[in-house]
Amino acid sequence: TTRTPEFLGLDQNANLFPESKTASEVVVGVFDTGVWPESKSFDDSGLGPIPSSWKGLCETGNNFNASNCNRKLIGARFFSKGYVAALGPIDESKESNSPRDDDGHGTHTSTTAAGSVVRDASLLGYAAGTARGMASSARVAVYKVCWEGGCFSSDILKGMDMAIADNVNVMSLSLGGGTSDYYRDNIAIGAFAAMQKGILVSCSAGNAGPSSFSLSNVAPWITTVGAGTLDRDFPALASLGNGLNYSGVSLFKGDSLPDKMVPFIYAGNATIATNGNLCMPGTLIPDKIKGKIVLCDRGVNARVQKGSVVKSAGGVGMVLANAASNGDELVADAHLLPATAVTEKTGNLIKNYLFSESNPTATILFQGTKVGIEPSPVVAAFSSRGPNSITPEILKPDIIAPGVNILAGWAGSVGPTGLAEDTRHVEFNIISGTSMSCPHVSGLAALLKAAHPDWSPGAIRSALMTTAYSQYKTGKLMEDIATGKPSTPFDHGAGHVDPVSALNPGLVYDLTVDDYVDFLCALKYTASEIKLVTRGNFTCDTSKQYSVNNLNYPSFAVSYQTGSGPITEETTTVKHTRTLTNVGLPGTYKVSVTSPGKSVKVTVEPESLSFDKVNQKMSYTVSFTASSMPSNTNLFGRIEWSDDKHIVGSPVAVSW
Amino acid sequence: DGERKITYIVHMSKSEMPVRFNDHTHWYDSSLKSVSDSAEMLYTYNNVAHGYSTRLTKQEAESLEKQPGILGVMPEVIYELH
């Protein structure tokens, strides 16, 4: 990626991060659409021998052989039996029956996590700079589990099964779907086995935002990653015949519009289809479109497809207006014709012009790449949101990372829009999604693993979470672009990742396999259900009081809907116990609480913890005492431990 | 359609494997053959689960689920990229 290394402080603090020799011992396994091994991001110059612990291999197949792997791309496998069993043989004219990526997504995610340094990277001149993965010295192993027809659970599970045997250190899965109890959730089951082997599993939170309860991959042993913006934009003005200019974004490169205003029309007025405003295939009337810029509404079909539909109907340009659910979020695309994306508000203003003018005209002015955009980051509207629908007492997502307009490696066989008619070849592409934020965290976790090889996956996640930020340097709260208001822990979890601080968190909330088994006991899972998740013969102790509230999680979600029982008295107190492990110098940490509001009293006991040595553990209890509130009320606060050198922060969400 | 086959992931309780089996894959195979003569294993899982995936009818899956040593018979889920 370009820009994210600077945005995250990696480049400015390179000396703080582990030597490349140490980082190159770490292997990131990426479960996706495969890999385009010819990408410069897989150049292995300067990398030493493959780690001796590595057991994986480079599988051969259609358009892929063992020589496609090197000291950077050390493993490539593909899993298609489930896919083939359900949908029939792979059509090799459309997709390679091998680890080769014919989609681009897998190359994008794997290079984001651990791609090598590539100078002069850009997409059609946009986002130009030096591209690198977050852990640019780490090794990459790809597990192709996604095909044109989707990602089948039998294939994903086998991929994870092999990755554990291969000895990956971090797993990155930018995929998901639906939610179910952990013992029915294949990714949760696979991730539990990985966690047992000390492998950190990072998963995308999903793109179903801004709706509440829209998260995927919520198991507490998974690191769940939402998406935020960078401080970078690609402005493209919609300039109207009335002299007014409206800002939008675009990655279009090609023949510009004529050097004059051109006729402008609303798609909804150039169609006989009821949904013609969406520019769906076959809905526009070419006679009404020819030679004009067309305003299309966002939704239902792909944004880039709308541009293609306008182009094939004879249109010369497109203005794409957000729907209400997209808020002010602008996602840039490398459209096949001159096009710009505008906010819903701007779209409405432009529509007012279109509907009030007898001969409306417009043009689009492309302004390239701009950096330093503020505020940034802001939570992406599409990023899935809490509460956690499976276990409300576990706050999810865990963290957010860059996921909007991210440049990274791309497959050479597919154009930047991914459309069949897009015959352009690009080495890098700019796309958006929690798919893009997840591998950022996977790569950063690999860096932490290299710096602290003895840390558990839980400790690494804790370091990432407790050092994340949810305020800008100005002190203003981080914004949610869906609302334009401050975002909440249900949107950003612990906040935006800050890898430099995560290197030295001071204290961590560690978690062991036994802690997670206790958590399953607290959920009142049967012995069979626990065995489904753990494969082991764990039994819950009937004399022991298990509580979900005592899972040593780096965040707090207090739910008065479940677990705590009905509110029968005026106030109800819920207690959470946590244990902090010192991973820094001896020191005394004092607690400070940002209260969720007058209706919730938060007390921490003890208020001070003194650590004499490294790895020393100390526990504390938080009591949340709340009066009854209307259901669906959510309040948010924060608990911080500080020794004046470190801040170990935890978000608090209280819901009724 | 009772004859339609879909993929299931069969989770087995390895500690309940009868002593007459030397190898867990033989046990898996035996369990599968007890409900279907034609079904074959797509994959066996060793690290993320003890079990295998296979194509079964709904009735076959229900029958398999009732057998001793079976923890669960989960239908395939299709995930999507984010």
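Residue numbering restarts at 1 for every chain, and letters A, B, ... go by the order of the sequence lines.
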Next item on the list: Return the option, out of A:Gly206, A:Ser437, A:Ala205, A:Gly150, with the maximum number of heavy-atom pairs under 4.5 Å with chain B.
Entry: A:Gly206
Next item on the list: Specify which of B:Glu76, B:Arg55, B:His11 makes the most heavy-atom pairs with chain A at under 4.5 Å.
Entry: B:Glu76
Notebook entry, point to check: Under the criterion side-chain contact (heavy atoms from CB on, under 4.5 Å), which of A:Ile222, A:Val218, A:Asn217, A:Thr224 is the partner of A:Asp398?
Noted result: A:Thr224
Next item on the list: Might you work through the ring pair (Phe, Tyr, Trp, His ring centres under 6.0 Å) test for A:Tyr182 and A:Trp221, ending with a clear yes or no?
Entry: CA-CA 10 Å; A:Tyr182 306 125; A:Trp221 46 91; 5.4 Å; yes
Check: For the candidates A:Ala208, A:Ser174, A:Ser435, A:Gly176, which exhibits the highest count of non-hydrogen atom pairs separated by less than 4.5 Å from chain B?
Finding: A:Gly176
Next item on the list: Examine whether an atom of A:Ser80 lies under 4.5 Å from a heavy atom of chain B, and if so say whether it belongs to the side chain, the backbone or both; otherwise answer neither.
Entry: backbone
Check: With respect to chain B, which residue among A:Ser204, A:Gly403, A:Ala194, A:Ser180 yields the maximal number of heavy-atom pairs within a distance under 4.5 Å?
Finding: A:Ser204
Checklist line | chain A contacts, top residue of B:Glu80, B:Met12, B:His50 (heavy-atom pairs, under 4.5 Å) | finding: B:Glu80
Notebook entry, point to check: What part of A:Phe192 gets closer than 4.5 Å to chain B, counting heavy atoms only: side chain, backbone, both or neither?
Noted result: neither
Margin query: Quick check against the 3.5 Å criterion: does B:Ser36 have a side-chain atom that pairs as donor or acceptor with the backbone of B:Lys33?
Written below: no
Item checked: Modelled atom types, side-chain donor and acceptor of B:Tyr45 and B:Ser53, under 3.5 Å -> yes
Margin query: Is the ring pair B:Tyr28/B:His24 parallel, tilted or perpendicular, if the boundaries are 30 and 60 degrees?
Written below: perpendicular
Item checked: For chain A, the option from B:Thr7, B:Asn46, B:Thr44 that forms the most heavy-atom pairs under 4.5 Å -> B:Asn46
Item checked: SG-SG under 2.5 Å, A:Cys203 vs A:Cys438 -> no
Notebook entry, point to check: Who among A:Leu173, A:Asp155, A:Thr33, A:Asp32 has the most heavy-atom pairs with chain B under 4.5 Å?
Noted result: A:Asp155
Next item on the list: Compute whether any side-chain donor of one residue and acceptor of the other, for A:Tyr143 and A:Asp166, lie under 3.5 angstrom apart.
Entry: yes
Note to self: Taking side chain as everything from C-beta outward and backbone as N, CA, C, O, which of these in B:Ile9 sits under 4.5 Å from a heavy atom of chain A? Side chain, backbone, both or neither.
What the structure shows: side chain
Note to self: Heavy-atom cut-off 4.5 Å, strictly under: side chain, backbone, both or neither for A:Asn207 against chain B?
What the structure shows: both
Note to self: With chain B as the partner, which of A:Gly433, A:Gly177, A:Ala85, A:Gly536 has the greatest number of non-hydrogen pairs under 4.5 Å?
What the structure shows: A:Ala85
Next item on the list: Determine whether A:Thr179 and A:Asp185 make a side-chain contact, defined as any pair of heavy atoms from C-beta on separated by less than 4.5 Å.
Entry: no
